[in-house]
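Reading through the structure tokens given below for one structure.
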Amino acid sequence: MLSIMGLAFATIVAIIWLVLRGNPRSKQVVLPPGSKGLPFVGETFQLLLPSYSLDLPSFIRKRIQRYGPIFQTRLVGRPVVMSADPSFNRYIVQNEGKMVEMWYLDTFSKLFAQDGEARTTAAGLVHKYLRTLTLTHFGSESLKEKLLPHLQNLVQKALHGWSSQDSIDVKEAALTMTIEFVAKQLFGYDSDKCKEKLGEKFAHISQGLLSFPINIPGTTYYNCLKSQREVMDMMRTALKERVASPETSRGDFLDHALKDLNTQKFLTEDFILQIMFGLLFASSESTSMTLTLVFKFLSENPHVLEELEAEHERIVNSRESPNSPLTWAEVKSMTFTLQVINESLRLGNVSLGLLRKTLKDIQINGYTIPAGWTIMLVTSACQYNPNIYKDPLTFNPWRWKEMELDVIAKNFMPFGGGIRQCAGAEFAKVLMTIFLHVLLTNYRWEKVKGGEIARTPILVFKNGLHVKLAMKD
Ligand code: HEM
Ligand SMILES: *[C@@H]1O[C@H](CO)[C@@H](O)[C@H](O)[C@H]1NC(C)=O
Ligand SMILES: *[C@@H]1O[C@H](CO)[C@@H](O)[C@H](O)[C@H]1NC(C)=O
């Protein structure tokens, strides 16, 4: 709450300052077209009005029709330029760190280097370190050499639990499954020994993000902040224990980061906690949402489910012993599964788009986007382009067979792009692939209820998606 008031205050001060200063630049500069809506609140409410379909949120669609693919608006009191222009989006993503910066680096780099050049360099270092650290623990090598059997184990255990219940909310259950695994790799979290349930806490946290920020007991927002504190406290306890007895090294993410405390000047214990929180959030919300979408689309498209089951049965049948553990080669051979995942990511459009802050004035189509503005690259808008995807609203995983790689690269960015591409993309894909393998070879399932989605504009399932699992005989 404090920080939001701080932000509001800072914004008001900034506006007064701009008004007093008379904003001389506005005379020479042509800003992108668009309406700013009501002062301060801007167009936030229009954007947040849910549209109950898979189509582009009407807010964005209407403005693209009126102003073209690049337009300005105002969100939570800040000027924002939205771009649904694929070449511009690609250009921006390729100039990461030079023209634009990611929000988390923005906050961080302010702390220790003020001026332009030094700040950009510092942000670059922090980013590189975080990325390498994440990839060391969640990247391809780690998946192949270490995580694969653990993931299979986790999924088997989770699905066994699901099948013992009459009905299960996929989003919630998948969130718990993902977060417990990631937390284990990060700081040794063990759900059997821990009375604090991380999955529940993160369910509160993601609900809070969609709620109106009123911080009094009983509100969703209040619970969100409370859960956030509890998660931080839990991780702080784990960190303090490690620091107190460094001899019990486990070689996990936390140990690795603590070891680097002496060599990486920018690392602090608090920053390590923030990173771990960020990773828990980034990994669990998106992965569980994607898995829920896969369930939804499979339940609506039985012919896809059939082909998918055939792919996994083929793999089991070509094994010497049907119960031998999954191999890396097998995971990599699940092509149709990946097509189903791609198509779910495309149609479901899991990420909101990419948010960036401009570091300098950017010229585009005769307009100027001033330094310090926020750009939202609506990457998902391309995912419905009828010139690229025939019948864009149809769930058709087979379309990926014929797509060319450079066309994909330009028009499909569910994991972002350039040097900021999702560091957990491979992990997420492998986790989802293994999940589908274990599910389809061992269980039958049917939808019990739910599955209607809403965009607020963040994707949500209105009444969840409940399924019932039963062991195959
Ligand atoms: C289906 C699942 C996922 C989706 C759709 C997704 C999507 C994304 C997107 C779009 C970005 C780029 C954000 C931007 O450029 O503004 C991103 C970044 C990131 N994601 Fe994911 N993500 C997923 C799963 C994961 C998982 C499982 C992890 C961790 C294990 C993870 C860790 C990260 C990290 C660390 C970044 C920042 C990368 C950087 O700044 O270099 N993500 N993700
Ligand atoms: C996907 O959703 C985000 C917000 O959830 C929105 O910005 C984007 O335009 C949407 N795209 C499509 C194709 O629905
Ligand atoms: C799925 O999309 C990715 C881009 O995220 C692409 O590299 C890959 O080739 C696609 N996979 C299939 C099977 O079409």
Side-chain angles (χ1 to χ4, degrees), residues 89 92-94 96-97 100-106 108 123-124 126-139 142-143 147 151 174-175 177-179 181-186 253 275-294 311 332-346 348-357 374-380 383 396-433 435 459:
N89 290 357
I92 289 294
V93 159
Q94 282 167 349
E96 200 81 58
V100 293
E101 191 171 81
M102 219 153 149
W103 58 271
Y104 75 83
L105 292 170
D106 181 35
F108 182 76
V126 174
H127 172 251
K128 204 162 150 204
Y129 174 78
L130 291 182
R131 198 175 168 82
T132 312
L133 187 63
T134 310
L135 285 172
T136 306
H137 293 269
F138 296 95
S142 174
L143 280 163
L147 299 182
L151 277 172
L175 184 103
M177 176 184 80
T178 315
I179 207 143
F181 187 80
V182 173
K184 182 155 201 232
Q185 306 308 317
L186 288 177
F253 188 96
I275 298 167
M276 293 201 301
F277 186 88
L279 275 172
L280 287 175
F281 191 78
S283 59
S284 59
E285 189 50 36
S286 49
T287 309
S288 56
M289 184 52 88
T290 311
L291 274 178
T292 315
L293 282 164
V294 171
E311 174 164 278
K332 289 284 130 183
S333 72
M334 300 173 181
T335 316
F336 189 65
T337 309
L338 279 176
Q339 290 170 0
V340 169
I341 291 172
N342 273 7
E343 185 69 349
S344 304
L345 284 164
R346 181 188 75 80
N349 160 30
V350 178
S351 75
L352 234 167
L354 315 176
L355 279 176
R356 292 291 185 275
K357 185 184 156 183
T374 303
I375 311 189
M376 181 166 144
L377 309 175
V378 190
T379 42
S380 43
Q383 293 170 198
N396 173 12
W398 290 278
R399 71 168 88 242
W400 293 91
K401 242 187 335 211
E402 279 118 48
M403 302 266 299
E404 282 166 31
L405 279 179
D406 62 319
V407 178
I408 297 183
K410 245 198 187 136
N411 296 283
F412 188 57
M413 290 198 222
F415 295 104
I419 56 168
R420 298 291 194 271
Q421 182 161 50
C422 177
E426 182 73 9
F427 175 82
K429 281 195 255 190
V430 169
L431 169 58
M432 293 189 284
T433 308
F435 180 92
L459 185 64

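Remember, it's a predicted structure, so these values are computed and weren't measured experimentally. For ligands, and for the atoms within them, numbers begin at 1 and follow the listed sequence.
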- Message: So if I apply the salt bridge (charged side-chain N to carboxylate O under 4.0 Å, His left out) rule between E96 and each of R131, R356, K128, which one comes out positive?
- Response: R356

- Would you mind checking which non-hydrogen protein atom is closest to atom 13 (C) of ligand 3, with the distance to 0.1 Å? Q339 CG, 3.6 Å

- Query: Given G348, A425, G424, which one has a non-hydrogen atom that is nearest to atom 28 (C) of ligand 1?
  - Reply: G424

- Query: Between H127 and ligand 1, which part of the residue brings a heavy atom under 4.0 Å of the ligand: side chain, backbone, both or neither?
  - Reply: side chain

- Give the residue, atom name and distance (to 0.1 Å) of the protein heavy atom nearest atom 6 (C) of ligand 3. I408 CG2, 4.0 Å

- Message: Heavy atoms only, cut-off 4.0 Å: how does V182 contact ligand 1, side chain, backbone, both, or neither?
- Response: neither

- Item | T337 side chain reached by E311 side chain, heavy atoms, under 4.5 Å | yes

- Residue, atom name and distance, where the atom is the protein heavy atom closest to atom 9 (O) of ligand 3: L405 CD2, 3.9 Å

- Does any N/O atom on N342 come nearer than 3.5 Å to any N/O atom on ligand 3? yes

- Task: Just jot down the ligand 1 atoms closer than 4.0 angstrom to any heavy atom of T290, in number order.
- Result: 1 (C)

- Query: What are the atoms of ligand 1, with element, lying closer than 4.0 Å to any heavy atom of G416?
  - Reply: 10 (C)

- K332 and E426 ion-paired at < 4.0 Å: yes

- What about R131: any of its N or O atoms under 3.5 Å from an N or O on ligand 1? yes

- How far does CZ of R346 sit from CE of M403, to the nearest 0.5 angstrom? 8.5 Å

- Note the single closest protein heavy atom to atom 4 (C) of ligand 3, along with its residue, its atom name and the distance in Å. F412 CD2, 3.8 Å

- Message: Taking 4.0 angstrom as the limit and counting only heavy atoms of L279, give me the atoms of ligand 1 inside it, by number and element.
- Response: 35 (C)

- Query: Considering only heavy atoms from C-beta outward, does the side chain of V182 approach that of F138 to under 4.5 Å?
  - Reply: yes

- Task: Classify the contact between P414 and ligand 1 as side chain, backbone, both or neither, using a heavy-atom distance cut-off of under 4.0 Å.
- Result: backbone

- Item | Shortest non-hydrogen contact between Q383 and L345, atoms and distance | NE2-O, 3.4 Å

- Message: Once you restrict to heavy atoms under 4.0 Å, what part of R356 touches ligand 1? Side chain, backbone, both or neither.
- Response: side chain

- Are the side chains of L279 and F253 in touch, meaning some heavy atoms are under 4.5 Å apart? yes

- Show which atoms of ligand 3 fall inside a sub-4.0 Å distance from at least one heavy-atom site of W400. 14 (O)

- Would you check if there is a donor-acceptor pair between the side chains of E343 and W400 at a distance under 3.5 Å? yes

- Heavy-atom distances under 4.0 Å are what count here, so tell me which part of F415 touches ligand 1: side chain, backbone, both or neither. both

- Could you check which of A282, C422, G139 puts a non-hydrogen atom nearest to atom 19 (C) of ligand 1? C422

- Query: Does any non-hydrogen side-chain atom of H137 lie less than 4.5 Å from one of Q185?
  - Reply: no

- Query: F427 pairs by side-chain contact (heavy atoms from CB on, under 4.5 Å) with which of L147, T134, L135?
  - Reply: L147

- Query: Hey, are the side chains of L175 and T287 touching, using non-hydrogen atoms and a 4.5 Å cut-off?
  - Reply: no

- In terms of atom number and element, which parts of ligand 1 are under 4.0 angstrom from non-hydrogen atoms of A428? 2 (C), 24 (C)

